[in-house]
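Have a look at the structure below, then the notes.
Only this structure's heavy atoms are used, side chains among them; waters, hydrogens and symmetry mates stay out.
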Amino acid sequence: MREAVPSISSFPLDVMTRTPFRFFVCCGVLLGMFLATSTVSSQTKEPKKPFKRPVPTEITRQIKDKTPEEIVELLRKVDAGAVPVGTVEEVADFKKKKGSILIGLADALLNTEPADDVAEEANMMKINGLGLLMQLNPDDTAKIGALKRELEKEKKYPKVVAECDAYLYIQKIRKVFLSKRVTEKDFDRVAEELKPLIRENPDSPYVAAAGLLLAVTSAYEGKNNLDGFADRFRNDFIKTFKDSGNEKLVEIAKQIDVDSRKEVVVGKRLAIEGMTVDGKPFDVKLLRGNVVLIDFWATWCGPCRGEVPGMKEAYAKYHGRGFEIVGISIDKDVSALRAYIASEQIPWISVSDTLTVSAGMPSLADQYGVRGIPTMYLLDRQGRTLSTSARGENLKRLLEQEFR
């Protein structure tokens, strides 16, 4: 699966102004302290707290003297905080902190025994937090399953139970897509399962499951030399969303449709102008007469780095015969990018999307609707797109055809 740009999409950095970021940091440090607190309490035989749900000490301190209404508002602010663009480690750390804070605040609110509508919202915020932690450890669904059983036992909040089901379903189809034996029939089966679930639950993670499906189809297409495979599923979901009559799904369909117009198709010429990591202007037209690999990537992207050995092998084999590579990095930290290029001794042209934008030119990633990396296109000697999935074994096959 292609690594998200993360989503395969980018996120705004305004979280530091929209939410109290220092609160995120200090709360994140001591999350999980309720375990230590429980141990100390049992050893000293202090009276057992009447609360049903344990809450981390730091969160308890933060909400001291706050009313349930104020806790609700705080929950909403934390939930609205967007995941910032950054390294894999930074994004993971943010998700862990945000998820843990959502869970702690939700449990604190539920301990006040609020009205049913407030309790339902608190449980929804809690499942959002559990969902973030599940992104970091996809196989750990125990807490989501436990919350579902608790709510089913209470026979309350069917909306939250449905949300739990959606997260568990994402984990289920993830296992399917990670299987080495996954086939086209598996994609068709999951797509048919998802359509009614999305129509019935337009505000649920089932919509995210559709995004996962569409992302994985692109990776599968590249692995199996199936140009057009991903387009079939994308167009199918656009129709499903538009025909649903649901306002939110119709808007999602429109956005997918807009993004698809940016997509590169076989036969399309790419106008790529930008700035190299050395601050020099670059225009892909100067490479006409060569077979050119265009690689959208980033230093923090594991699958991107995994493609480098094969690219070096291809470059060494065919560069003398008219093969060029243009790496287009979406790294924000240009210094780190330069250091990586130097340490890996990357010999081909390296363009920085960050420097390109700084020079007043449009983002190349936005221009071509890049939603995940690595994204790799192969251009023929006239600058036309030969393949939109020029990765791994498919790249080897394509180059063998061009240079036979």
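Closest approach of T141 and Q171 over heavy atoms only: CG2-CG, 3.6 Å. For F233 against D188, the heavy-atom pair with the smallest separation is CZ-OD1, 3.5 Å. Closest non-hydrogen pair, A390 versus L395, comes out as O-CB, 3.7 Å. Taking all atoms of both residues into account, the shortest heavy-atom contact from I127 to C164 is CD1-SG, 3.7 Å. Across every non-hydrogen atom of A253 and F241, the tightest pair is CB-CB, 3.5 Å. Shortest non-hydrogen contact noted between Y167 and G131 is CE2-CA, 3.5 Å.
Side-chain atoms of N201 come within 3.5 Å of backbone N or O of L197 as a donor-acceptor pair. Looking at K98, its side chain does come within 3.5 Å of a backbone N or O of G81 through a donor-acceptor pair. With hydrogens and angles disregarded, a donor-acceptor distance shorter than 3.5 Å links the side chain of T356 to the backbone of M275. The main-chain N or O of E70 is found under 3.5 Å from a side-chain atom of T67 such that the two form a donor-acceptor pair. In this structure, the side chain of D353 engages the main chain of L364 through a donor-acceptor pair within 3.5 Å. Under the 3.5 Å distance criterion, the side-chain polar atoms of N123 are matched with a main-chain donor or acceptor of A119. Under a 3.5 Å cut-off, the side chain of R288 and the backbone N or O of Q382 do form a donor-acceptor pair. Between the R53 side chain and the A108 main chain, no donor and acceptor come within less than 3.5 Å of each other.
D236 contributes atom CG, which lies 3.5 Å from atom NZ of K195 (distance to the nearest 0.5 angstrom). Interatomic distance, Y368 OH to I272 CD1, rounded to the nearest 0.5 Å: 5.5 Å. Taken to the nearest 0.5 Å, the CG atom of D380 stands 11.0 Å off from the CG atom of N290. Between W300 atom CH2 and E90 atom CD the span is 11.0 Å, to the nearest 0.5 Å. In this structure, CG in L136 is found 8.5 Å from NZ in K96, a value given to the nearest 0.5 Å. Atom NZ of residue K172 and atom CG of residue D165 lie 11.0 Å apart, to the nearest 0.5 angstrom.
Looking at N394 and R391, their side chains never bring a donor and an acceptor atom within 3.5 Å of each other. Remark: the E402 side chain and the Y318 side chain contain no N/O donor-acceptor pair separated by less than 3.5 Å.
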Stepwise salt bridge (charged side-chain N to carboxylate O under 4.0 Å, His left out) check, K248 with E251: CA-CA 5 Å; K248 177 180 178 179; E251 285 303 313; over 6 Å; no
Check against side-chain contact (heavy atoms from CB on, under 4.5 Å), L147 and L151: CA-CA 6 Å; L147 178 60; L151 297 177; 4.1 Å; yes
Taking it one step at a time, do V207 and L249 satisfy side-chain contact (heavy atoms from CB on, under 4.5 Å)? CA-CA 9 Å; V207 177; L249 295 183; 4.1 Å; yes
Start with the C-alpha gap between E324 and H319, add the side-chain angles, then the distance that decides, and say whether side-chain contact (heavy atoms from CB on, under 4.5 Å) holds. CA-CA 6 Å; E324 295 284 353; H319 178 60; 3.2 Å; yes
Could you go through the side-chain contact (heavy atoms from CB on, under 4.5 Å) check for L168 and K148 one step at a time? CA-CA 10 Å; L168 295 174; K148 177 187 174 183; 4.3 Å; yes
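Using a 4.5 Å cut-off on side-chain heavy atoms (C-beta onward), C301 and P374 make contact. Counting only heavy atoms from C-beta outward, the side chains of V326 and Y377 never approach each other to under 4.5 Å. Looking only at side-chain heavy atoms (C-beta outward), I173 and L213 stay at 4.5 Å or farther from each other. In this structure, the side chains of E121 and M125 come closer than 4.5 Å at one or more pairs of heavy atoms. Contact check for D331 versus S352: no side-chain heavy atoms found under the 4.5 Å cut-off. When side chains are defined from C-beta on, N246 does not count as touching R199, because their heavy atoms never get closer than 4.5 Å. Counting only heavy atoms from C-beta outward, the side chains of D140 and L133 never approach each other to under 4.5 Å. Contact annotation: the side chain of D295 never approaches that of E307 to less than 4.5 Å [non-hydrogen atoms, C-beta and beyond].
When the ring-ring contact (aromatic ring centres under 6.0 Å, His included) test is applied to F323, no partner is found at least two apart in sequence or on another chain. Applying the salt bridge (charged side-chain N to carboxylate O under 4.0 Å, His left out) rule to R269 yields no partners; only residues at least two apart in sequence or on another chain are considered.
Between E393 and R397, no side-chain nitrogen of the basic residue sits less than 4.0 Å from a carboxylate oxygen of the acidic one, so the salt-bridge criterion is not met. A salt bridge links R189 with D186: the distance from a Lys NZ or Arg NE/NH1/NH2 to an Asp or Glu carboxylate oxygen falls below 4.0 Å. Of the charged side-chain nitrogens involved, none lies within less than 4.0 Å of a carboxylate oxygen, so that R149 and E152 do not count as a salt-bridged pair. Note on R232 versus E184: no salt bridge recorded, every NZ/NE/NH1/NH2 to OD/OE distance being 4.0 Å or above. Using a 4.0 Å cut-off between charged nitrogen and carboxylate oxygen, E150 and K153 do not count as a salt-bridge pair.
Figure legend: R234 and F187 shown without cation-pi pairing, the cationic atom not lying both under 6.0 angstrom from the six-membered ring centre and within 45 degrees of its axis.
The local environment of NZ in K159 is sparse, with at most 12 non-hydrogen atoms from other residues, nucleotides or ligands closer than 6.0 Å. More than 12 heavy-atom neighbours from other residues, nucleotides or ligands sit within 6.0 angstrom of CD on Q401. The environment of E154 atom CD is dense: over 12 non-hydrogen atoms of other residues, nucleotides or ligands sit within 6.0 angstrom.
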